[in-house]
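Since the model is a prediction, treat every value here as computed from it, not as a measurement. Every chain is numbered from 1 and lettered A, B, ... according to where its sequence line falls, protein lines coming before strand lines.
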Protein chains: 2
Amino acid sequence: MIIQLDLESDIPIYTQLVNQIIEGIATGQLEPGEQLPSVRSLAADLGINLHTVNKAYTHLKQEGFLQIHRQRGALIQPHRMPQADASFKDRLQSEVRPLAAEAICRGMDEEAFLEACRAAFLSIHYNKGGTTS
Amino acid sequence: MIIQLDLESDIPIYTQLVNQIIEGIATGQLEPGEQLPSVRSLAADLGINLHTVNKAYTHLKQEGFLQIHRQRGALIQPHRMPQADASFKDRLQSEVRPLAAEAICRGMDEEAFLEACRAAFLSIHYNKGGTTS
DNA sequence: TCACTGTTATACTACAAATATAACAAATAC
DNA sequence: GTATTTGTTATATTTGTAGTATAACAGTGA
């Protein structure tokens with residue numbers, strides 16, 4: 001799986017890493033049980049520090065997306081992915097809400113807004129089963 | 001309009017301010033041409049520094065949601081709100097995308113995800129014409 | 001034993017958020 | 001004109017996070 005970092009972005013590097021790994025799982029490019037590079041090798045590949053990678057891995061582990069074992073390294077959660085529980089839905093609400101508010105100010109109606117959300121959803125979902133390139 | 005700040009949140013204070021003012025415009029609690037408190041008085045009311053308020057106002061001014069005049073202070077854009085141009089739609093996409101990816105990982109299908117987005121949209125839009133309390 | 005894994009610890013730089021003062025410039029009220 | 005209030009600008013300080021740089025520790029498997 002190819003990871004693209006934007007070092008000029010205002011989004012922290014470890015957050016970009018977290019997002020892209022989650023996207024990889026969502027698209028199926030990363031399959032349950034699949035091995036991830038060690039923090040050292042991925043850091044070297046990306047030209048960043050191992051602690052930055054470790055921060056991303058640790059975050060994903062706490063969220064339940066990764067399992068981490070010594071020597072074996074990190075692997076995508078093989079058994080059950082985290083569920084869309086109430087906590088996640090709350091977070092989803094609180095993050096979508098400001099976007100919806102600004103969309104309304106800018107004159108988008110419900111249909112236009114939902115179409116944009118749908119496009120974002122499908123841009124990921126439709127890649128399922130895609131090549132690992 | 002009542003503004004609620006969470007000083008424990010990881011969201012910067014000035015961002016919370018920006019979001020709530022945009023929400024106020026979206027719901028109609030803040031009407032075009034309406035006067036906003038001066039940076040000093042609002043800062044005093046909220047118990048924060050005037051520069052924090054000023055940062056929020058300046059941001060909203062650059063986005064086109066506010067007009068700022070000396071002595072008259074800040075007021076909600078009276079003529080034309082910013083539009084949902086390509087730039088905004090791009091930003092909307094790039095912010096919804098990571099949320100959609102995580103939702104997919106957590107087993108939400110398109111319908112469930114869109115329903116959540118719809119709920120966020122309606123939670124704001126349905127307040128239109130609400131009291132200024 | 002050796003090499004590789006994640007983990008922890010420490011130190012440092014850089015930057016953003018927030019505060020605290022202070023002063024400046026324009027517009028209004030008197 | 002004078003005073004007041006407005007946003008604006010400028011410094012400085014504190015605090016916390018991001019990221020890097022080393023280094024060492026602790027399991028695990030060959």
> Side chains of A:Glu63 and A:Met81: closer than 4.5 Å at any heavy-atom pair?
Replying inline: no
> Are A:Leu66 and A:Tyr14 joined in one hydrophobic group, where the rule is that I, L, V, M, F, W and Y side chains link up if heavy atoms are under 4.5 Å apart?
Replying inline: no
> Are A:Leu5 and A:Ile11 grouped together when hydrophobic residues (ILVMFWY) are joined by side-chain heavy atoms under 4.5 angstrom apart?
Replying inline: no
Could you check how far [atom1] of [X] sits from [atom2] of [N], rounded to whole Å?
X: B:His59; N: D:dG7; atom1: NE2; atom2: C1'; value: 18 Å
X: A:Leu36; N: C:dG6; atom1: CG; atom2: C1'; value: 13 Å
X: B:Leu42; N: D:dG7; atom1: CG; atom2: P; value: 10 Å
X: A:His69; N: C:dT7; atom1: NE2; atom2: C1'; value: 15 Å
X: A:Ile68; N: D:dT28; atom1: CD1; atom2: C1'; value: 15 Å
X: B:Gln67; N: D:dT6; atom1: CD; atom2: C1'; value: 15 Å

> Could you go step by step and tell me if A:Ile13 and A:Asp6 meet the side-chain contact (heavy atoms from CB on, under 4.5 Å) rule?
Replying inline: CA-CA 8 Å; A:Ile13 298 178; A:Asp6 178 7; over 6 Å; no
Look only at the side chain of [X] and the backbone of [Y], and say whether a donor-acceptor pair between them is shorter than 3.5 Å.
X: B:Thr27; Y: B:Glu23; answer: yes
X: A:Ser41; Y: A:Pro37; answer: no
X: B:Arg106; Y: A:Ala84; answer: no
X: A:Glu115; Y: A:Ala112; answer: no

> For every nucleotide of nucleotides 24-30 of chain C, 5' to 3': is a protein heavy atom under 4.0 Å from its base (B), only from its sugar-phosphate (S), or from neither (-)?
Replying inline: -BSBS--
> Does a sphere of radius 6.0 Å around CD in B:Glu31 hold more than 12 heavy atoms from other residues, nucleotides or ligands, not counting ones at 6.0 Å or beyond?
Replying inline: no
>> Under 4.0 Å from OP1 or OP2 of C:dT5: is there any side-chain N or O of A:Ser38 that close?
In response: yes
>> Quick one, B:Leu17 with B:Leu60, criterion side-chain contact (heavy atoms from CB on, under 4.5 Å). Give me CA distance, side-chain angles, the key distance, then yes/no.
In response: CA-CA 10 Å; B:Leu17 256 179; B:Leu60 287 165; over 6 Å; no
>> Does anything in residues 45-55 of chain A come within less than 4.0 Å of DNA chain C? Heavy atoms only, and list the residues if so.
In response: A:His51, A:Asn54
>> At a heavy-atom distance below 4.0 Å, what parts of residues 5-20 of chain A sit against DNA chain D?
In response: A:Pro12, A:Ile13, A:Tyr14
>> Is there a side-chain contact (heavy atoms from CB on, under 4.5 Å) between A:Arg118 and A:Leu122? Walk through the geometry before answering.
In response: CA-CA 6 Å; A:Arg118 190 161 157 271; A:Leu122 294 182; 4.1 Å; yes
